[in-house]
Amino acid sequence: MEVPTVSLVIPPSNSIPAEPPKIISAKMLAESASLTSAIPSAYYFSEDSYELADPNDPEFQLPTIDFSLLTSDSPDQRSKMLHELANICRDWGCFLVTNHGVTESLKQAMIEAADRFFNLTEEEKHNIAKKYEADPTQIRYGTSYNARSEKVRLWRDFIKLRLHPDFPTLNENDGYSEVAMKYSKKTREIATELVEAISESLGLDPNYIYKALDLDSGVQFLLANYYPPCPQPELAMGLSHHTDQCLITILTDNDVSGLQVLHNHKWVTVTSTPKTFLVILADQMQIVTNGKYKSAMHRGRVNKEAKRISLASLHGPSFETLVTPSPVLVEREGKAPLYRSIKYREYVELQHRSRMDLKCALDQILI
Ligand SMILES: O=C(O)CCC(=O)C(=O)O
Ligand SMILES: [Fe+2]
């Protein structure tokens, strides 16, 4: 197969070598005139060994939680839902959520703000992120996962913005920060309710996880992912398989499907549905529950026809929190702690290093 000779870096505009050249974004590559029907080999992603699940097989139907029933005043209704939630968190580590109270218009406004951002020129996007260069945990704009160090490029651009406990202003004029703040406040309410219900479903006090992980001062990010249409979607990967480093993720998209979750060793394709969020339990949940609840493995595929924009609301402890398997659960279940205690900041660094080699950081803190 002939591989096109598209340069993956943008050369500096003049001959003064002021800065290292910028790495070309997936969007720019997808729109470049030289990209017709074949992608550069730097994007060839080798398949893993898992098969796709049969979408009609009842074993692989992604479970759904009706949020309004979870927050219901009826004790019977709530205890039935908590029982269901416990099974789902143990077997899947992810689920769809309906009736969550975030309006479609707010979600649409956030998707449109993200789309506007990605439509800025490369220079404008880099300049916005550059304002916060000294602390990249506030804003990061980039492509792939870490385009400077990874072996294979991913067909994805992203902007990641910190929204809690403090938040930076992306660009005063474009309204991005304002809508991101509104949207993230809503997803924070949902995440808090879910974390309470999850605590209770483990037979713990509803505030147990919230307090143990100091979520009051926890970090929250809004990560917008942009996957342009890809001429060879079977060869490329939008986001390689991973678990999220935080505690819980609330995910939505522009109603274009692409996310897959791993269940019983098969990839289940999530059909994107309006008014529905996908909740993914993440690594800190697996640590604090001593492996009882699962951090769900997932990945993002791309397609030929339509761009996909996803919004991941990532909720974690504060960077200084020492996360440890719950001593209450450890004692009650009579099972030794599976993971060593680790500061969230240290875990985040470990996860970044592990993802370069497509490894899971959780495996590296096993006792
Ligand atoms: O695009 C998606 O649906 C997945 C995003 C994701 O997994 C992430 O940002 O961590
Ligand atoms: Fe993820």
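Note that ligands are numbered from 1 as they come in the structure, with each ligand's atoms numbered from 1 the same way. What you are looking at is a predicted structure, and each value in this text was computed from that prediction instead of being measured.
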Original post:
How far is atom 5 (C) of ligand 1 from its nearest protein heavy atom, and which residue and atom is that?
Top reply: Asn225 ND2, 3.4 Å
**OP:** Quick one: sort the His352 and Tyr145 rings into parallel, tilted or perpendicular, breaks at 30° and 60°.
**Re:** tilted
**OP:** Start with the C-alpha gap between His242 and Arg299, add the side-chain angles, then the distance that decides, and say whether side-chain hydrogen bond (donor to acceptor under 3.5 Å, both in side chains) holds.
**Re:** CA-CA 6 Å; His242 67 282; Arg299 68 180 183 180; over 6 Å; no
Original post:
Where the side chain of Asp244 meets the backbone of Leu247, is there a donor-acceptor pair that is under 3.5 Å apart?
Top reply: no
**OP:** May I ask you to list the atoms of ligand 1 that are less than 4.0 angstrom from any heavy atom of Arg308?
**Re:** 1 (O), 2 (C), 3 (O)
**OP:** Identify the protein heavy atom lying closest to atom 4 (C) of ligand 1, giving its residue, its atom name and the separation to 0.1 Å.
**Re:** Leu259 CD1, 3.4 Å
**OP:** Look at ligand 1 and say whether Tyr227 reaches it with a heavy atom at a distance under 4.0 Å.
**Re:** yes
**OP:** Using only heavy-atom distances, determine whether the side chains of Gln260 and Arg301 contain a donor-acceptor pair under 3.5 Å.
**Re:** no
Original post:
Is there side-chain contact between Glu320 and Tyr344, with heavy atoms separated by less than 4.5 Å?
Top reply: no
Subject >> Phe221 six-ring centre to Lys160 NZ/CZ under 6.0 Å and within 45° of normal >> reply: yes
**OP:** Report, in ascending order of atom number, the atoms of ligand 1 lying under 4.0 Å from any heavy atom of Ser310.
**Re:** 1 (O), 2 (C), 3 (O)
Original post:
Ring centroid separation for Tyr141 and Phe117, is it under 6.0 angstrom?
Top reply: yes
**OP:** May I ask you to list the atoms of ligand 1 that are less than 4.0 angstrom from any heavy atom of Leu239?
**Re:** 5 (C), 6 (C), 7 (O), 8 (C), 9 (O)
Subject >> Heteroatom distance test (His242, ligand 1): nitrogen or oxygen, under 3.5 angstrom >> reply: yes
Original post:
Closer than 2.8 Å to the Fe ion (ligand 2), which protein N, O or S atoms?
Top reply: His242 NE2, Asp244 OD1, His298 NE2
Original post:
Can a donor-acceptor pair be found between the side chains of Thr321 and Ser318 at a distance below 3.5 Å?
Top reply: yes
Original post:
Would you say the side chains of Asp157 and Thr143 form a donor-acceptor pair under 3.5 Å?
Top reply: yes
Original post:
Can you tell which part of Leu251 has a heavy atom less than 4.0 Å from ligand 1: side chain, backbone, both or neither?
Top reply: side chain
Original post:
Does any non-hydrogen side-chain atom of Ser313 lie less than 4.5 Å from one of Thr252?
Top reply: no
**OP:** Examine ligand 1 and decide if any of its atoms is less than 4.0 Å from a heavy atom belonging to Asp244.
**Re:** yes
**OP:** Please verify whether a non-hydrogen atom of Arg299 lies at under 4.0 Å from ligand 1.
**Re:** no
Original post:
What are the two closest heavy atoms between Leu338 and Asn290, and how far apart are they?
Top reply: N-OD1, 2.7 Å
